[in-house]
Amino acid sequence: MDAEKMSGTASERPAATAIQPDFATLPRRVAADGRANLVGLTRERLEQALADAGVPARQTRMRAGQLWQWIYQRGVSDFDAMTNLGKGFRADLAAAFTVARPEIVTRQISRDGTRKYLLRIAGGHEVEAVYIPEEDRGTLCVSSQVGCTLTCTFCHTGTQKLVRNLTAAEIVGQILVARDDLGEWPKAGERPPERRLISNIVLMGMGEPLYNADNVRDAMLIAMDGEGLSLSRRRITLSTSGVVPEIPRWGAEAGTLLAISLHATTNDVRDVLVPINKKWPIEELLAACRAYPRLSNAERITFEYVMLKGVNDTDADAKRLVKLIAGIPAKINLIPFNPWPGATYERSDWDRIEAFAEIVNRAGYASPVRTPRGEDILAACGQLKSATERARKSRAAIAAEAGLG
């Protein structure tokens with residue numbers, strides 16, 4: 001948000017008016033019948049699945065390419081609609097496979113156009129994804145886990161117990177669901193529109209993506225594939241709270257843009273706000289950032305910094321912040337704290353946020369203040385939490401429920 005929009009203290013700003021959001025409940029699909037889902041398979045695994053189903057070896061690559069385009073270019077989930085495949089082959093595919101997405105349980109639409117999806121996945125578990133429309137882009141915030149293991153004290157998701165990692169199918173499936181809902185798939189015979197409704201992906205939803213790095217990587221490689229969803233690597237941002245050993249591997253294997261949930265300038269404060277800091281403190285985290293592949297002024301690291309009143313928002317914090325990141329091509333994303341039921345923190349006053357941003361700006365770093373979006377439907381940063389909380393279960397029980405065993 002620019003300085004003009006940010007002018008004035010919180011007390012001078014008009015109070016937000018309560019609204020009744022558009023809250024749509026959609027019917028649940030029939031339960032899966034045991035057929036293998038083709039969504040989320042890498043090209044190599046898709047070819048192997050076809051070979052295992054009896055497709056001749058000389059045809060597997062061609063058939064995989066055809067299916068890939070139908071699933072990820074056209075958004076088709078019905079084999080009968082894949083018209084360049086023979087009828088017999090379509091029948092064989094339908095007998096062996098599905099093209100399944102997560103189920104939309106509810107869709108809420110905020111007064112600012114933000115859409116929050118509550119999605120049901122295998123085992124009856126639920127995650128949330130959020131679509132944020134803007135003038136120059138459309139961003140989909142994707143989840144990587146059911147719940148979260150990190151217990152960051154300012155984050156609503158952190159109050160929900162970790163249930164399990166999402167599969168690659170469940171991660172890339174969130175993109176497919178959102179495109180379905182937005183009607184973004186090109187019609188037969190039409191070229192995809194130049195301006196995309198979903199132009200950016202941020203891995204900033206429920207969970208720590210680097211604790212599920214393999215599945216997240218496979219899902220994003222599918223998203224970046226030029227014959228499918230075809231999203232640019234530089235249009236995808238992974239946000240991590242600081243799983244230091246996984247950062248270089250992510251850079252080498254996926255190479256997307258990187259965002260760091262920093263939120264503090266001393267280890268004492270960050271130990272409380274982001275407890276993973278006790279394992280990998282600020283110094284180790286920043287060393288991993290400096291070594292991140294492709295790091296440059298064109299591909300800067302974003303440091304996310306939630307503004308908490310009286311906790312991390314002083315001038316001294318701002319000055320320490322610019323010293324900590326000195327030499328790292330970066331921008332600072334200042335996030336006004338988004339309250340949630342039971343939160344013990346408050347949002348910093350607007351004049352304090354402005355003063356903090358000014359110090360960072362004078363040091364030569366861009367410091368945009370993130371406009372809170374979807375607050376009225378608890379869709380803003382740090383507010384995601386599935387409506388159904390699950391009690392802790394054994395890994396075996398969770399895997400059995402989800403069909404992952």
Side-chain angles (χ1 to χ4, degrees), residues 16-32 37 39-40 75 77 98-134 138-148 155-167 169-185 197-198 201-207 219 338-343 372-391 398 401-403:
T17 55
I19 68 160
Q20 182 64 39
D22 178 351
F23 190 98
T25 300
L26 293 100
R28 185 175 181 182
R29 297 180 194 163
V30 177
N37 188 9
V39 173
S77 57
T98 64
V99 179
R101 288 114 153 91
E103 302 167 359
I104 298 180
V105 180
T106 59
R107 177 189 58 225
Q108 293 174 268
I109 303 179
S110 167
R111 60 186 165 211
D112 62 22
T114 297
R115 299 186 179 207
K116 183 171 75 168
Y117 304 99
L118 179 65
L119 304 174
R120 183 173 290 123
I121 57 174
H125 304 302
E126 294 166 353
V127 296
E128 292 183 333
V130 176
Y131 172 68
I132 306 165
E134 300 178 77
T139 300
L140 185 67
C141 181
V142 172
S143 292
S144 57
Q145 295 179 310
V146 185
C148 190
C155 180
H156 200 199
T157 311
T159 67
Q160 181 178 348
K161 296 172 182 177
L162 176 68
V163 177
R164 68 169 173 86
N165 286 335
L166 298 186
T167 65
E170 291 162 345
I171 296 167
V172 77
Q174 295 171 62
I175 307 174
L176 305 186
V177 165
R179 293 196 76 179
D180 290 347
D181 185 54
L182 294 166
E184 192 174 13
W185 299 109
L197 295 177
I198 300 176
I201 300 294
V202 291
L203 292 152
M204 298 180 183
M206 297 170 59
N338 297 305
W340 40 268
R373 299 292 299 272
E375 286 184 291
D376 51 306
I377 57 172
L378 289 182
C381 181
Q383 291 183 322
L384 298 191
K385 183 177 182 180
S386 65
T388 305
E389 292 195 42
R390 309 295 179 184
I398 292 167
E401 283 182 358

Does the pair Val177 and Glu103 meet the rule for a side chain to side chain contact (heavy atoms under 4.5 Å, CB included), with working shown? CA-CA 8 Å; Val177 165; Glu103 302 167 359; over 6 Å; no
Within-4.5 Å side-chain heavy-atom neighbours: [X] and [Y]:
{"X": "Ile121", "Y": "Glu126", "answer": "no"}
{"X": "Ser77", "Y": "Arg101", "answer": "yes"}
{"X": "Glu128", "Y": "Leu119", "answer": "no"}
{"X": "Leu140", "Y": "Ile175", "answer": "yes"}
{"X": "His125", "Y": "Arg120", "answer": "no"}
{"X": "Leu166", "Y": "Met206", "answer": "no"}

Closest heavy-atom contact between Gly207 and Gln145?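 Gly207 and Gln145 have their closest heavy atoms at CA-OE1, 3.3 Å.
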Glu170 and Arg164: CA distance, side-chain angles, deciding distance, salt bridge (Lys or Arg N to Asp or Glu O under 4.0 Å) verdict: CA-CA 12 Å; Glu170 291 162 345; Arg164 68 169 173 86; 2.9 Å; yes
Is there a donor-acceptor contact under 3.5 Å from the side chain of [X] to the main chain of [Y]?
{"X": "Glu134", "Y": "Thr139", "result": "no"}
{"X": "Ser143", "Y": "Gly205", "result": "no"}
{"X": "Tyr131", "Y": "Leu197", "result": "yes"}

Sequence neighbours left out, what passes side-chain hydrogen bond (donor to acceptor under 3.5 Å, both in side chains) with Tyr117? Give chain and number order.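 In terms of side-chain hydrogen bond (donor to acceptor under 3.5 Å, both in side chains), with neighbours along the sequence ignored, Tyr117 is linked to Asp181.
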With Gln174 via side-chain hydrogen bond (donor to acceptor under 3.5 Å, both in side chains) - residues at least two apart: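 None.
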Rounded distance [0.5 Å steps], CG in Asp180 versus CD1 in Ile104: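 Here the interatomic distance stands at 7.0 Å.
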Hey, what do you get for OG1 (Thr114) to CD1 (Ile132), rounding to the nearest 0.5 Å?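 That separation rounds to 5.5 Å.
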Of Val99, Thr167, Thr98, the residue whose pairing with Val39 passes side chain to side chain contact (heavy atoms under 4.5 Å, CB included):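 One option only clears the test, and that one is Val99.
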